[in-house]
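Below is one structure, written out as structure tokens, with a few remarks after it.
The model shown is predicted, which means the values in this text are computed figures rather than measured ones. First the proteins, then the strands, lettered A, B, ... as listed; each starts at 1.
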Amino acid sequence: MAASCSVKVLFEQEGVFRHPSSDEDGIEHDLLISGSLRIVDKDAEIIVEYRPLEDTVDPSNMLCAGKDSSSVMEWDQCSGERSHQLLETQQSYETEWDMVNAVSFKKKTCTNGDSSLNHSHERSRWALAFSVSELRSITVKEEGWTFLTFRLRETSSSLPALHFHQGGSTDFLDNLRRFALLSESPDDDTCLLVSSPNKALSQSFENLLDDNNFGLVQQKFRKDPYVTTLGGFSKVTNYIYDAFRGTEEQHQRPPEEVADVLGEVIPGLEINQQEEPGFEVITRIDLGTRPQVTRREPLSAEDWSKHQDPEGRMTNITHLKQVIFKGGLCHAVRKEAWKFLLGYFPWESTLEERKSLQRAKTDEYFRMKLQWKSVSEEQERRNSKLRDYRSLIEKDVNRTDRTNRFYEGIDNPGLVLLHDILMTYCMYDFDLGYVQGMSDLLSPILYVMENEVDAFWCFVSFMEQMHHNFEEQMQGMKTQLIQLSTLLRLLDLAFWNYLESQDSGYLYFCFRWLLIRFKRELSFQDVLRLWEVMWTGLPCQNFHLLVCCAILDSEKQKIMEENYGFNEILKHINELSMKLDIEEILQKAEGICLQIKSCKDLPQSISAILGFDTEVSGSAPTDYESAPALRPPPRADACSNGHLRETSSHNSCKVAFIS
Amino acid sequence: MTSKSALLKVILLGDGGVGKSSLMNRYVTNKFDSHLFHTIGVEFLNKELEVDGHHVTLQIWDTAGQERFRSLRTPFYRGSDCCLLTFSVDDGQSFHNLSNWKKEFTYYADVKDPDNFPFVVLGNKLDVPERQVSGEDARQWCRENGGHPYFETSAKDATNVASAFEEAVRRILALDDRADHLIHTNTVDLQRKTPPDPSCC
């Protein structure tokens with residue numbers, strides 16, 4: 001395509017509003033203009049443009065406005081060779097944008113019948129466009145939502161404010177930072193001064209951590225870098241996105257530098273430095289429809305034995321795992337099958353080999369058990385670590401699954417086994433020791449094994465997968481939350497933006513889910529089912545993150561409709577415990593996996609998380625649709641139910657992980 | 001002034017297993033379950049109550065007590081109006097750790113005036129016969145560490161639980177009154193949290 005006609009959309013945010021009544025006189029009170037804000041690269045000039053999407057709305061119609069706008073936003077594929085068009089004429093609905101990887105889009109003509117003609121003039125009246133190089137400053141203010149006011153270099157007055165009713169202002173600013181240096185004004189911490197473009201390389205990580213609370217975050221960061229560690233959690237993910245996204249090297253930090261900067265802030269975080277070839281706008285990836293999948297019956301004891309050869313080797317393991325993934329196991333099979341699934345028994349071992357393995361492992365177990373058993377009171381007094389582990393294990397064993405028959409009542413042998421295995425695990429891995437949550441992971445395994453030694457070694461195998469969740473710096477948890485955020489953003493940008501706007505973008509509320517793999521969220525029997533399904537390693541790597549996405553997919557509507565704030569989201573998710581249907585969740589999670597898998601031009605970051613082969617599918621044409629539009633939240637005065645609002649505003653502090 | 005009640009955030013801190021969740025549940029739902037799961041992550045419950053004619057909503061935050069989880073509980077300290085430092089009278093170590101908890105809270109909650117911040121100390125599990133911490137030792141610690149009120153509680157028997165939480169509310173309101181008197185003397189403003197203090201974020 002000719003360089004002279006390249007217009008690339010680098011960023012787009014829908015649901016950005018103008019409130020003309022506050023900008024100009026003589027305008028109908030309460031008039032609101034809904035539109036989208038874009039950053040476009042037009043002939044190497046970076047332009048910020050705002051366009052009204054449709055008819056002006058009055059507040060009483062606002063709830064449906066978001067939905068309506070999505071129906072207008074249909075994308076059509078077309079060749080990238082249309083003639084060059086001026087920005088002004090692009091305001092007709094015949095505009096097209098070229099994407100770098102040769103897929104381009106055309107917006108369908110708005111077919112609102114007679115109203116479209118009359119309103120096209122109206123619409124252009126509310127449009128705005130300016131070059132980033134003209135920009136002098138941006139003022140960031142909050143009013144229940146964030147609104148930005150732009151000032152240009154040549155004029156003294158500011159442009160009309162843009163209101164981000166559906167979130168996304170942070171995202172917008174982060175994207176803008178790729179092309180301009182934004183620095184906080186020394187005398188007004190709501191004001192960002194814009195310096196000459198293409199100097200973004202010199203910006204510090206402090207800017208990336210910024211949110212709407214510019215001054216405070218920075219202050220805190222200077223005071224104690226550890227405190228802010230993941231304060232900009234979602235900002236970090238944004239940045240990772242940016243690193244994967246851009247082709248324009250001159251505007252990008254080199255990936256190693258990104259990694260360095262992130263590494264400083266998140267010690268130990270590994271960043272995939274592989275660069276994504278080609279330009280991607282993740283927000284525009286069409287995932288297609290989610291396939292309907294069905295679950296099957298659990299594997300029976302008979303079927304299990306059919307997969308064994310005369311010497312006890314398991315055969316046709318790929319098929320076997322597939323069956324277990326689709327339906328789980330009958331309870332009778334679990335005691336044996338879990339040992340294979342967890343890797344305690346090798347699939348190809350014979351019965352004889354397994355017997356001798358068990359003998360060796362039994363010796364090893366009791367040697368380690370003897371170690372803590374033979375520590376005298378005197379010795380323990382001088383070993384504070386062991387003392388602390390023992391004291392907490394004793395407390396937690398008494399508080400783990402006590403309603404389960406295996407652990408109920410006083411002096412139940414199950415409790416003693418739970419205790420002894422956890423103490424022995426401290427000897428197996430003294431550095432890790434005992435961390436709360438481990439008793440939750442052991443309890444179902446012991447329940448199934450009904451044998452101390454087997455339960456211990458199966459637990460050791462499970463802990464190999466889960467170890468990083470419990471380590472000193474909680475690195476595994478942080479990584480998983482970032483990965484989950486990445487997936488969620490791909491699956492549902494509107495919801496992700498909503499969470500972001502409620503300071504919940506780093507998904508703290510999923511912490512318990514991830515730490516102990518949904519152990520507290522599901523009934524005991526459902527935990528057994530979920531775990532054996534996950535242990536097959538099918539249908540992709542990190543399937544548990546898609547399980548998170550599946551649950552959130554079912555809750556997002558409620559969360560957004562009720563306009564839940566930070567506290568309410570946390571409470572709502574906590575209270576889902578024991579109300580979830582495992583088969584429904586597994587079905588949905590598998591559907592999501594297939595949906596992502598079949599998606600062409602999947603961002604490398606996503607493929608890396610899910611372990612997909614990263615075959616680049618070239619420029620195969622795909623039908624793109626708009627992302628579903630989010631309902632704008634009710635206006636502030638419509639939400640006067642006292643407590644809820646008070647609660648959310650009271651604790652709207654930024655929550656960060658602290659290392 | 002009765003139309004809307006103030007929202008007060010209190011946070012329960014203390015070693016694992018001293019009974020933080022049990023105290024919260026006893027107070028909010030009046031139930032006790034000795035086999036309740038240990039807390040993973042962070043939870044909170046709301047309770048409306050009236051103290052000396054003031055209607056308030058208490059938002060009680062409960063956290064995981066193990067050291068390892070520090071990085072995920074401390075962000076929730078901000079915006080607290082009162083901190084309930086909890087130990088168990090049958091666990092000397094949990095009493096010795098009180099000063100660490102106080103330090104951790106003061107640091108991460110970013111308390112502006114730590115000397116006047118309301119702490120309430122709770123010695124829980126009064127029902128357990130084998131005591132390791134005497135009431136006198138606990139009271140002495142409270143005297144020497146800023147004159148905090150001390151309550152010996154039993155979440156199991158419901159002893160003193162309500163009194164402890166009500167004292168927390170009184171301390172917060174008293175502090176507020178004093179602050180209010182410095183600015184304006186004649187109004188009783190219970191809508192203290194609206195609009196929210198922008199500096200709390």
Side-chain angles (χ1 to χ4, degrees), chain A residues 142 212-213 216-217 220 224 226-227 229-231 387-388 391-392 394-396 398-403 407-408 433-437 439-440 470-474 477-478 503 508-509 511-512 515-516 519-520 567 570-571 574 642-643 645-647 649-659, chain B residues 3-9 15-19 21-22 33-46 48 57 59 61 64-81 88 91 93-94 104 107-110 191-201:
Chain A
E142 287 262 15
N212 307 325
N213 321 309
L216 284 154
V217 176
K220 192 79 192 173
D224 180 357
Y226 298 105
V227 174
T229 309
L230 288 181
R387 206 169 55 225
D388 287 351
S391 147
L392 203 52
E394 278 167 10
K395 284 173 187 157
D396 286 355
N398 277 311
R399 304 187 284 172
T400 303
D401 289 321
R402 291 304 299 280
T403 51
Y407 302 107
E408 75 186 352
Y434 172 75
V435 184
Q436 288 192 313
S439 68
D440 282 273
F470 295 97
E471 284 161 18
E472 196 63 44
Q473 301 299 321
M474 304 250 105
M477 292 303 302
K478 292 168 188 172
D503 288 337
Y508 173 78
F509 48 84
F511 184 88
R512 192 174 66 196
L515 186 80
I516 50 175
K519 166 65 171 48
R520 299 272 181 98
N567 287 349
L570 177 67
K571 200 173 180 60
N574 276 345
H643 257 106
R645 277 191 63 76
E646 228 176 70
T647 308
S649 55
H650 177 42
N651 285 314
S652 62
C653 15
K654 204 74 188 163
V655 173
F657 268 102
I658 296 153
S659 297
Chain B
S3 61
K4 223 177 182 181
S5 63
L7 182 81
L8 308 178
K9 174 177 174 178
D15 280 8
V18 298
S21 306
S22 292
D33 176 1
S34 62
H35 298 146
L36 195 74
F37 268 114
H38 47 285
T39 308
I40 300 275
V42 176
E43 294 170 5
F44 72 91
L45 289 176
N46 287 339
E48 298 194 17
T57 298
Q59 188 176 78
W61 287 77
Q66 199 179 7
E67 171 65 21
R68 192 71 50 104
F69 296 108
R70 188 207 301 201
S71 64
L72 66 112
R73 71 174 167 254
T74 49
F76 291 89
Y77 294 3
R78 290 177 146 254
S80 299
D81 295 297
S88 157
D91 177 358
Q93 189 60 45
S94 70
E104 182 178 298
Y107 182 77
Y108 289 104
D110 214 10
Q191 297 173 25
R192 50 191 288 284
K193 283 284 143 77
T194 48
D197 177 8
S199 67
C200 82
C201 311

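- Chain A forms more heavy-atom pairs under 4.5 Å with one residue of Ala64(B), Gly41(B), Gly65(B) than with any other, namely Gly41(B).
- Between Ser439(A) and His38(B), the closest heavy-atom pair is OG-CE1, 3.3 Å.
- The parts of Ile40(B) that come within reach of chain A are both its backbone and its side chain, each placing non-hydrogen atoms under 4.5 angstrom from that chain.
- Side-chain atoms of Ser71(B) and Met477(A), non-hydrogen and from C-beta on, never get closer than 4.5 Å to each other.
- Looking at Asp401(A), the atoms closer than 4.5 Å to chain B (heavy atoms on both sides) sit in the backbone and in the side chain alike.
- At a 4.5 Å heavy-atom cutoff, the contact between Glu471(A) and chain B is made by backbone atoms alone.
- Atom NZ in Lys395(A) sits 6.5 Å away from atom CG in Asp15(B) (nearest 0.5 Å).
- To the nearest 0.5 Å, atom OH of residue Tyr508(A) and atom CZ of residue Phe76(B) are 4.5 Å apart.
- Across all their heavy atoms, Gln436(A) and Thr39(B) have their closest contact at OE1-O, 4.3 Å.
- Contact record, Asn398(A) with His35(B): O-CD2, 3.7 Å, taken as the closest heavy-atom pair.
- Taking the salt bridge (Lys or Arg N to Asp or Glu O under 4.0 Å) definition, one finds that Glu472(A) meets it with Arg68(B), sequence neighbours left out.
- Residues satisfying the salt bridge (Lys or Arg N to Asp or Glu O under 4.0 Å) criterion with Glu67(B), sequence neighbours excluded, are Arg70(B).
- Taking all atoms of both residues into account, the shortest heavy-atom contact from Phe44(B) to Lys571(A) is O-NZ, 3.0 Å.
- A pairwise comparison of heavy atoms in Val42(B) and Asn574(A) identifies O-ND2, 3.1 Å as the closest pair.
- Among all heavy-atom pairs drawn from Arg512(A) and Glu43(B), the shortest one is NH1-OE2, 3.2 Å.
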